[in-house]
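Just so it is clear, the values below take in all heavy atoms, side chains as well, and ignore hydrogens, waters and symmetry mates.
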Amino acid sequence: MDGDGSHRRRPSPNLALSCAAATAFLLLVSAAAALALYLVFRPRRPEIAVEAVRIPTFAASNGTVSFTFSQYAAVRNPNRASSFVHYDSSLQIVYAGSQVGFMFIPAGSIDAGRTQYMEATFSVRSFPLAPPEIVSAVAAPAEGVVEVESKMRMRGRVRVMRWFNHRVVSVVGCRVAVSAIDGSVLGFHCLS
């Protein structure tokens with residue numbers, strides 16, 4: 001007893017245990033909510049699908065070729081709540097390890113969950129056909145086939161929860177077999 005006649009109460013162990021349990025529950029719920037938000041809103045790279053490749057003009061003479069290259073692609077933004085803003089994107093044409101054509105893709109934006117269809121058409125500078133030992137067996141000039149590789153690179157950013165920017169890059173490479181006689185596309189195979 002104190003001098004004034006009142007008793008001092010000690011906190012009961014049940015109250016401390018209840019506070020600890022409530023704190024642990026709130027931490028668990030917060031962690032689960034953060035994980036769910038990350039899984040739903042985590043930034044994802046755009047998905048590129050090359051749908052067609054065409055050679056509108058083609059010329060071959062004295063062991064060199066030149067042509068116009070057209071590539072049609074669908075770029076899908078898989079993010080649920082963020083648009084994909086792309087910039088510094090390009091399409092490159094490579095033959096026997098050397099770049100023979102290049103084009104910048106204009107900057108733009110693809111809304112969340114949407115697909116944008118893109119067409120890139122440009123002239124490829126004249127280049128000599130490589131000796132057979134440099135070119136793969138599938139595309140040997142003796143078979144009348146010129147094999148080029150197109151590399152489409154989409155670079156940009158995805159805004160996460162309106163505050164954070166996340167940089168993403170998506171690349172697709174295609175091997176394109178072109179007839180050395182008339183420039184028709186014999187086939188193409190793409191890998192991301």
Side-chain angles (χ1 to χ4, degrees), residues 42-79 83-111 114-158 165-192:
R42 76 177 183 268
R44 288 179 235 165
R45 297 181 311 165
E47 300 164 357
I48 304 171
V50 176
E51 303 205 345
V53 174
R54 292 194 174 80
I55 308 292
T57 62
F58 181 85
S61 64
N62 298 328
T64 63
V65 296
S66 63
F67 53 87
T68 303
F69 185 85
S70 289
Q71 181 169 295
Y72 304 87
V75 181
R76 182 178 172 275
N77 179 4
N79 295 291
S83 62
F84 168 62
V85 177
H86 59 88
Y87 51 85
D88 196 24
S89 299
S90 62
L91 178 61
Q92 175 186 29
I93 305 299
V94 176
Y95 175 73
S98 299
Q99 177 178 300
V100 295
F102 183 84
M103 177 185 173
F104 279 111
I105 297 172
S109 178
I110 303 173
D111 291 334
R114 305 293 255 172
T115 300
Q116 183 173 340
Y117 296 92
M118 299 182 172
E119 174 189 352
T121 301
F122 59 98
S123 295
V124 173
R125 65 179 165 84
S126 178
F127 60 90
L129 293 175
E133 61 272 6
I134 295 177
V135 183
S136 69
V138 175
E143 297 175 12
V145 175
V146 177
E147 186 175 283
V148 296
E149 185 177 353
S150 73
K151 293 181 183 176
M152 185 175 182
R153 178 184 310 266
M154 297 295 293
R155 182 176 299 177
R157 66 176 167 78
V158 174
N165 286 324
H166 183 75
R167 298 188 188 285
V168 292
V169 176
S170 195
V171 179
V172 65
C174 300
R175 296 181 79 82
V176 182
V178 179
S179 168
I181 298 167
D182 61 1
S184 59
V185 176
L186 302 174
F188 66 94
H189 177 70
C190 301
L191 293 173
S192 299

Novice: Give a yes or no answer on whether the side chain of T64 reaches the backbone of S61 with a donor-acceptor pair at less than 3.5 Å.
Specialist: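 Judged by distance alone, yes, a pair lies under 3.5 Å.
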Novice: Just wondering, do V124 and T68 contact through their side chains at under 4.5 Å, heavy atoms?
Specialist: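 No, side chains not in contact.
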Novice: With a 4.5 Å heavy-atom cut-off, do L186 and V145 have their side chains touching?
Specialist: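 Result yes, sub-4.5 Å side-chain heavy-atom pair found.
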Novice: Restricting to non-hydrogen atoms, name the atom on V158 and the atom on R44 that form the minimum distance, rounded to 0.1 Å.
Specialist: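 Closest approach of V158 to R44: CG2-O, 4.2 Å.
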Novice: Check step by step if side-chain contact (heavy atoms from CB on, under 4.5 Å) holds for V171 and R153.
Specialist: CA-CA 4 Å; V171 179; R153 178 184 310 266; 3.7 Å; yes
Novice: Looking only at non-hydrogen atoms, find the nearest pair between P78 and P46 and report the distance.
Specialist: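 Closest approach of P78 to P46: CD-CA, 3.9 Å.
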Novice: Which distance, rounded to the nearest 0.5 Å, do you find between the CD1 of I105 and the CE of M118?
Specialist: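 Interatomic distance, I105 CD1 to M118 CE, rounded to 0.5 Å: 6.0 Å.
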Novice: So how far is it from C190 SG to R175 CZ, rounded to the nearest 0.5 Å?
Specialist: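 Answer for the SG-CZ pair, C190 versus R175, is 11.5 Å.
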Novice: Measuring only between side-chain heavy atoms, which start at C-beta, is L129 closer than 4.5 Å to V65?
Specialist: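 Yes, their side chains come closer than 4.5 Å.
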Novice: Would you please classify the geometry between the F67 ring and the F127 ring as parallel, tilted or perpendicular, with 30° and 60° separating the classes?
Specialist: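 Taking F67 first and then F127, their aromatic rings stand perpendicular (interplane angle over 60°).
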Novice: Hey, what do you get for OG (S192) to CD (E47), rounding to the nearest 0.5 Å?
Specialist: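 The distance works out to 8.5 Å.
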Novice: Considering non-hydrogen atoms only, spot the tightest contact between R157 and Y87 and give its length.
Specialist: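 Distance-wise, the nearest heavy atoms are N-CE2, 4.0 Å.
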Novice: Do the side chains of R114 and R76 get nearer than 4.5 Å, heavy atoms only?
Specialist: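 The answer is no; the side chains never approach within 4.5 Å.
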Novice: Is there a side-chain contact between V94 and V100 in this structure, where contact means two heavy atoms from C-beta onward sitting under 4.5 Å apart?
Specialist: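 No. Closest side-chain heavy atoms not under 4.5 Å.
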Novice: Give, for atom OG of S184 and atom CZ of F58, the distance between the pair rounded to the nearest 0.5 Å.
Specialist: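 Taking OG in S184 and CZ in F58, the distance rounds to 8.5 Å.
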Novice: Considering non-hydrogen atoms only, spot the tightest contact between V176 and V185 and give its length.
Specialist: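 Looking at all heavy atoms of both residues, the closest pair is CG1-CG1, 4.1 Å.
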Novice: Might you point out which heavy atoms bring I48 and A73 nearest each other, and give the distance in Å?
Specialist: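 Closest pair (atom of I48, atom of A73, distance): CG2-CB, 4.4 Å.
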Novice: Could you go through the side-chain contact (heavy atoms from CB on, under 4.5 Å) check for F84 and R45 one step at a time?
Specialist: CA-CA 9 Å; F84 168 62; R45 297 181 311 165; over 6 Å; no
Novice: Nearest 0.5 angstrom please: M152 CE to S89 OG, how far?
Specialist: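 Between atom CE of M152 and atom OG of S89 there are 7.5 Å.
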Novice: Any heavy-atom pair between the side chains of T57 and I55 that's under 4.5 Å?
Specialist: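 No - every pair of side-chain heavy atoms lies 4.5 Å or more apart.
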Novice: Under 4.5 Å between any side-chain heavy atoms of Q71 and L91, yes or no?
Specialist: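 Yes, side chains in contact.
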Novice: For side-chain contact (heavy atoms from CB on, under 4.5 Å), just list the numbers for Y117 and E51, CA-CA rounded to whole Å, side-chain angles, deciding distance to a tenth of an Å, and then say yes or no.
Specialist: CA-CA 9 Å; Y117 296 92; E51 303 205 345; 3.9 Å; yes
Novice: What's the verdict on side-chain contact (heavy atoms from CB on, under 4.5 Å) for I110 and V75, showing C-alpha distance, side-chain angles and the deciding distance?
Specialist: CA-CA 8 Å; I110 303 173; V75 181; 3.7 Å; yes
Novice: Does some side-chain heavy atom of F122 sit less than 4.5 Å from a side-chain heavy atom of I93?
Specialist: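 Yes. Closest side-chain heavy atoms under 4.5 Å.
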Novice: So, S66 and S126: side-chain donor and acceptor under 3.5 Å apart, yes or no?
Specialist: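 There is no such pair (donor and acceptor under 3.5 Å, judged by atom type) between the side chains of S66 and S126.
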Novice: So how far is it from H86 NE2 to S109 OG, rounded to the nearest 0.5 Å?
Specialist: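 Taking NE2 in H86 and OG in S109, the distance rounds to 7.0 Å.
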Novice: What closest approach, in Å, do A180 and V146 show between heavy atoms, and which atom pair accounts for it?
Specialist: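 The answer is CB-CG2, 3.8 Å.
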